[in-house]
Amino acid sequence: MSSSYTETNVKTVSSNPIVTSIFTADPSAHVWEDGKVYIYASHDMDPARGCDLMDRYHVFSSEDMVNWTDEGEILRADDVAWGRPEGGFMWAPDAAYKNGTYYFYYPHPSGSEWNQTWKMGVATSDKPASGFVDRGYIEGMGGFAMIDPSVLVDDDGRAYMYYGGGSRCAGGELNDDMLSLKDGMRDMEGLEDFHEAVWVFKREGLYYMMYADNLDGNNCMRYATSDKPLGPWSYRGIFLEPTGCSTTHGSIAEYKGQWYLFYHNQEISGQGTLRSMCIDRLYFNEDGTIQTVVQTKGDITPVGPAPLPNPNRKVYAAEASKLGGGAALERNKQGVNVISQLQAEGAYFEFGQVDGGSGGRAAIHVRYATEERLSKLHLAVNGNDYSLLNALSTGSESAFSDAVTITVKLEAGSDNTIRLTGGKGAIVVEGIAVSPFND
Ligand code: FUB
């Protein structure tokens, strides 16, 4: 049971960016055997310091390409025993599935000299979006910027890893264990203007490699094709024009008969290091070439069932909170109790005795209203920092939305404390809803 939806936030048409509460980048999409589509994304921590602080990968799932469930965090730098002591630098990941195991590949430096110590980490689980445990890194890789992994499991069960940065791309076959290389890596031939962000997929017997080019600060996505998984590749052209973001990165997947491009932009933040995932339709021509993707604000209609409301959901109303730092409880014009004055630095509200069910993952929805383009709330759960949550404008302080949502970890039982601190924008809050997954 992993649905986290309330009755009021089911969408009937997609919106870009698809996740607004936290910043997510580098989406790697896969359709697994349970029939759902999953996105393994990197996470731009807010506030950012370049890409240095990126951490805490979240996974998102959907059955209709419109409504996305935050499955929660699956791995953070602190979980990586061999990682650099300062943490951060959990960059663009990918995932693969073979023989009952899900593999999560992530680039991370092993030393303080981050750009000289990249490694390709692997975590595994028997579930697609939880339970990942780090298994170390793949030996025998390196020599240049070892970032942006992409893993293809071919129809015959053989698996290939690709990676690349600093204008160089390499590929090689993985052993059956998916944790080691068969014959090492070799440079990929035939790519034009390769920069980074390699992603390989297969369609109708043809291998496609997509990647970001070197257009400084405003890359395009280009692609090449081959009839063999490790090339040589034939360059085919550009299929995504600049998004306005200083990086471009993504993936392509087919779901229920339609192909999609998953990518990121900086629509919400205006900052190239606080990015947000988007999805648009992707079309092939008769000859297998890819049409230029039209970047939209979201026009996908559901291709499957929307998530069901979570039966474990409990609502915690404004009047049940403890307030501090200048936050106030007031009755608004509609006669509803709301927490206000949250624009004051340090103003906070806190719910104690929050029910975490049997413990583990739980979705938190904040019911809020703000006239500002972008307000923010800082979340802490049982004293653990979850960084800033984005609250996009609802149009006015009396138009409420549940759109601020994140999946966190709660302890079993009713002794959880959830604190939200303001100071970034005039925002009022009616309460929160908490939905333990009980999985
Ligand atoms: O997200 C960190 C880095 O930015 C990725 O590894 C690159 O592809 C670019 O998206």
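Remember, it's 1-based here, ligands and their atoms both numbered in the order they're listed.
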Check whether the side chains of His378 and Asp385 place a donor and an acceptor atom closer than 3.5 Å, and report yes or no.
yes
Asp280 and Thr296: side-chain donor and acceptor closer than 3.5 Å?
yes
Sub-3.5 Å pairs, protein N or O with ligand 1 N or O:
unit_1   : atom_1 : unit_2 : atom_2 : d
ligand 1 : 1 (O)  : Asp26  : OD2    : 2.5
ligand 1 : 1 (O)  : Arg275 : NH1    : 3.4
ligand 1 : 1 (O)  : Arg275 : NH2    : 2.8
ligand 1 : 4 (O)  : Arg275 : NH1    : 3.2
ligand 1 : 6 (O)  : Asp148 : OD1    : 2.5
ligand 1 : 8 (O)  : Asp148 : OD1    : 3.3
ligand 1 : 8 (O)  : Asp148 : OD2    : 2.7
ligand 1 : 8 (O)  : His249 : ND1    : 2.7
ligand 1 : 10 (O) : Asp26  : OD1    : 2.7
ligand 1 : 10 (O) : Arg275 : NH1    : 3.2

Side chain to side chain contact (heavy atoms under 4.5 Å, CB included) against Ser251, all qualifying residues, sequence neighbours excluded:
Ala29, Trp199, Phe262
For the ring pair His108 and Trp82, is the centre-to-centre distance below 6.0 Å?
yes
Is the distance from the ring center of Phe132 to that of Tyr103 below 6.0 Å?
no
Which pair of heavy atoms, one from Ala96 and one from Met178, lies closest together, and at what distance?
CB-CE, 3.8 Å
